[in-house]
Chemist: 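Provided herewith is a single structure, encoded as structure tokens, for subsequent inquiry.
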2 protein chains.
Amino acid sequence: MFGFTTISVDSKGRLAIPAKYREQLLVQNEENIVVTRDPQYPALKIYPGSIWNKISMELQGLQGLDPIVRNLQWTILGNASVSSFDPNSRMLVLLSSELREYAEISKSAKVSIIGMGNKFEVWNEKNWEMRQTGGALSTEILEVVLPESLKTISF
Amino acid sequence: MFGFTTISVDSKGRLAIPAKYREQLLVQNEENIVVTRDPQYPALKIYPGSIWNKISMELQGLQGLDPIVRNLQWTILGNASVSSFDPNSRMLVLLSSELREYAEISKSAKVSIIGMGNKFEVWNEKNWEMRQTGGALSTEILEVVLPESLKTISF
DNA sequence: AAATGAGTTGATCTATAAGCCGGATTCTGT
DNA sequence: ACAGAATCCGGCTTATAGATCAACTCATTT
């Protein structure tokens with residue numbers, strides 16, 4: 001699950017996972033994926049099911065009165081949605097309007113999919129280019145100072 | 001039990017648990033849920049039965065002289081009410097007027113339901129939006145400094 | 001150049017949220 | 001204790017969002 005592709009979101013906000021990524025999911029016996037927000041950047045994250053289980057369990061285990069922890073739980077857990085292979089062994093992800101807003105992805109937009117090994121990131125194509133060239137992103141980047149309890153979790 | 005939806009409370013103050021959450025409850029063999037107050041924010045919390053049992057047992061087990069502990073016991077235990085699947089395998093939650101007051105949810109209001117994995121949060125839609133965008137909530141947020149005895153409980 | 005596979009788009013169908021209504025039960029005030 | 005009012009609870013209907021299915025176009029390969 002490495003590499004980089006640019007595909008387009010359709011007029012209904014659907015994102016089709018490219019074949020080369022689907023194949024790798026199959027090889028790893030992953031039956032579904034989870035889309036959620038990146039906690040820092042205007043981007044989306046896609047985790048294979050097993051990875052997501054690990055991360056979400058760790059997040060849920062943290063005691064929830066610390067405002068920083070709750071913020072992470074809200075953004076990561078609260079925005080997650082699961083998708084599976086359809087009968088044609090394709091994989092369509094319906095991006096909610098909230099997710100699209102966060103990541104600045106309008107309907108019919110072009111997005112970059114970045115394979116990070118055990119996860120993907122989905123960026124608005126322009127934002128990704130700017131990030132690569134060091135330009136400023138239009139969205140304010142959240143200041144996230146991780147408490148010790150979170151240092152062991154790799155999102 | 002991830003992701004978030006916005007649904008509406010009916011004219012009688014009832015909240016219908018959306019299908020995608022109900023399915024998860026069924027998968028986990030949860031027969032009922034418990035609604036109560038969030039101790040910090042103007043919001044409600046919904047726990048699956050087994051999770052609630054665990055939390056309420058832990059809370060009850062704490063010694064009751066610490067004012068913070070007693071406050072948590074009052075707000076969380078004292079406001080709890082149970083709901084189950086109805087004969088049509090739907091799930092309607094009747095929100096008491098007290099709960100609705102705390103969470104600023106009027107009858108026929110729109111609310112956001114945030115799935116946090118092992119629990120839900122229910123917010124007045126506007127308050128949730130404001131929280132997301134960093135705006136000020138109309139209700140004073142409680143200052144909660146957790147004593148050591150509570151560090152292990154994740155509400 | 002044909003054929004195969006993949007990305008994209010459009011159309012259809014189903015499940016469900018939400019509104020409405022009527023009856024039952026509880027509460028309240030006299 | 002009774003009557004009236006308010007609250008609670010289930011069934012039914014309808015508009016809609018989401019899932020499924022099908023088809024088209026483009027690209028790559030042989």
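To find a chain, count down the sequence lines: A is the first, B the second, and so on, and within it residues start at 1. As the structure is a computational prediction, the values presented were derived from the model and not from experiment.
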Chemist: Could you give the side-chain donor-acceptor pairs of residues 7-14 of chain B under 3.5 Å, partners two or more places apart or in another chain?
Modeler:
from: B/Asp10; atom 1: OD1; to: B/Lys12; atom 2: N; distance (Å): 2.8
from: B/Asp10; atom 1: OD1; to: B/Gly13; atom 2: N; distance (Å): 3.1
from: B/Asp10; atom 1: OD1; to: B/Arg14; atom 2: N; distance (Å): 2.8
from: B/Asp10; atom 1: OD2; to: B/Arg14; atom 2: NE; distance (Å): 2.7
from: B/Asp10; atom 1: OD2; to: B/Arg14; atom 2: NH2; distance (Å): 3.2

Chemist: Picking from C/dT8, C/dA18, D/dC9, which would you name as closest to the side chain of B/Ile7?
Modeler: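 Nearest to the side-chain atoms of B/Ile7, counting from C-beta on, is C/dA18.
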
Chemist: Base, sugar-phosphate or nothing for B/Ser11? Non-hydrogen atoms, less than 4.0 Å.
Modeler: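 The residue B/Ser11 makes no contact with any strand.
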
Chemist: Round to a whole Å and report the spacing from CE of A/Met91 to P of D/dA19.
Modeler: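 Interatomic distance, CE of A/Met91 to P of D/dA19: 13 Å.
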
Chemist: To the nearest Å, how far apart are A/Leu15 CG and C/dT9 P?
Modeler: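 The answer, rounded to whole Å, is 12 Å.
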
Chemist: Could you pick out which residue, A/Pro18 or B/Val9, lies toward the 5' side of DNA chain C when each is mapped onto its nearest nucleotide?
Modeler: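 Nearer the 5' end of the strand: A/Pro18.
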
Chemist: Distance-only, no hydrogens or angles: does the A/Gln60 side chain make a donor-acceptor pair with backbone N or O of A/Ser56 under 3.5 Å?
Modeler: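 It does hold such a pair.
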
Chemist: Let me know the distance between CG of B/Asp86 and P of D/dG11, rounded to the nearest Å.
Modeler: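 Between P of D/dG11 and CG of B/Asp86: 7 Å.
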
Chemist: Hey, which of these two, B/Arg14 or B/Arg90, hits DNA chain D nearer its 5' end, going by closest nucleotide?
Modeler: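 Of the two residues, B/Arg14 wins.
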
Chemist: Please state how far atom CD1 in A/Ile17 lies from atom P in C/dG7, giving the value in whole angstrom units.
Modeler: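 Between P of C/dG7 and CD1 of A/Ile17: 10 Å.
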
Chemist: Rounded off to whole Å, could you give me the NZ-to-P distance for the B/Lys110 and C/dA18 pair?
Modeler: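 Between P of C/dA18 and NZ of B/Lys110: 6 Å.
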
Chemist: OP1 or OP2 of C/dG5 sitting under 4.0 Å from any side-chain N/O of A/Arg22?
Modeler: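 No, no such contact exists.
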
Chemist: With a non-hydrogen cut-off below 4.0 angstrom, is B/Leu92 in contact with a base, only sugar-phosphate, or nothing?
Modeler: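 B/Leu92: no heavy atom of the nucleic acid under 4.0 Å.
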
Chemist: Distance check needed: D/dT16 P versus A/Leu94 CG, whole Å only.
Modeler: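 Rounded to whole Å, this separation is 18 Å.
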
Chemist: Do NZ/NE/NH1/NH2 and the carboxylate oxygens of B/Glu129 and B/Lys110 come within less than 4.0 Å?
Modeler: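 Looking at B/Glu129 and B/Lys110, the cut-off is not met.
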
Chemist: Between C/dG19 and B/Lys107, counting only base atoms on the nucleotide and side-chain atoms on the residue, is there a donor-acceptor pair under 3.5 Å?
Modeler: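 Side chain to base: no pair present.
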
Chemist: Quickly work out the B/Lys20 NZ to D/dA17 C1' distance and round it to whole Å.
Modeler: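 Roughly 12 Å, once rounded to whole Å.
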
Chemist: With the side chain counted from C-beta on, respond yes when B/Leu26 and B/Glu30 share a heavy-atom pair under 4.5 Å apart, and no when they do not.
Modeler: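 Heavy-atom side-chain distance check fails, nothing below 4.5 Å.
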
Chemist: For the residue pair A/Val82 and A/Ile33, establish whether any side-chain heavy-atom pair is separated by less than 4.5 Å.
Modeler: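 No, their side chains stay 4.5 Å or more apart.
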
Chemist: C/dT8 P sits how many Å from A/Leu95 CG, rounded?
Modeler: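 Going from A/Leu95 (CG) to C/dT8 (P), I get 13 Å.
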
Chemist: Where the side chain of B/Lys12 is concerned, which of D/dC8, C/dA11, C/dA6 is the nearest nucleotide?
Modeler: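 My answer, after comparing the listed nucleotides, is D/dC8.
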
Chemist: Contact class for B/Ala19 vs. all strands (heavy atom < 4.0 Å): base, sugar-phosphate, or nothing?
Modeler: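 Contact class for B/Ala19: sugar-phosphate only.
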
Chemist: With the side chain of A/Glu23 defined as its heavy atoms from C-beta on, choose the nearest nucleotide among C/dA18, D/dA19, C/dA6.
Modeler: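 Looking only at heavy atoms from C-beta outward on A/Glu23, the closest nucleotide is C/dA6.
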
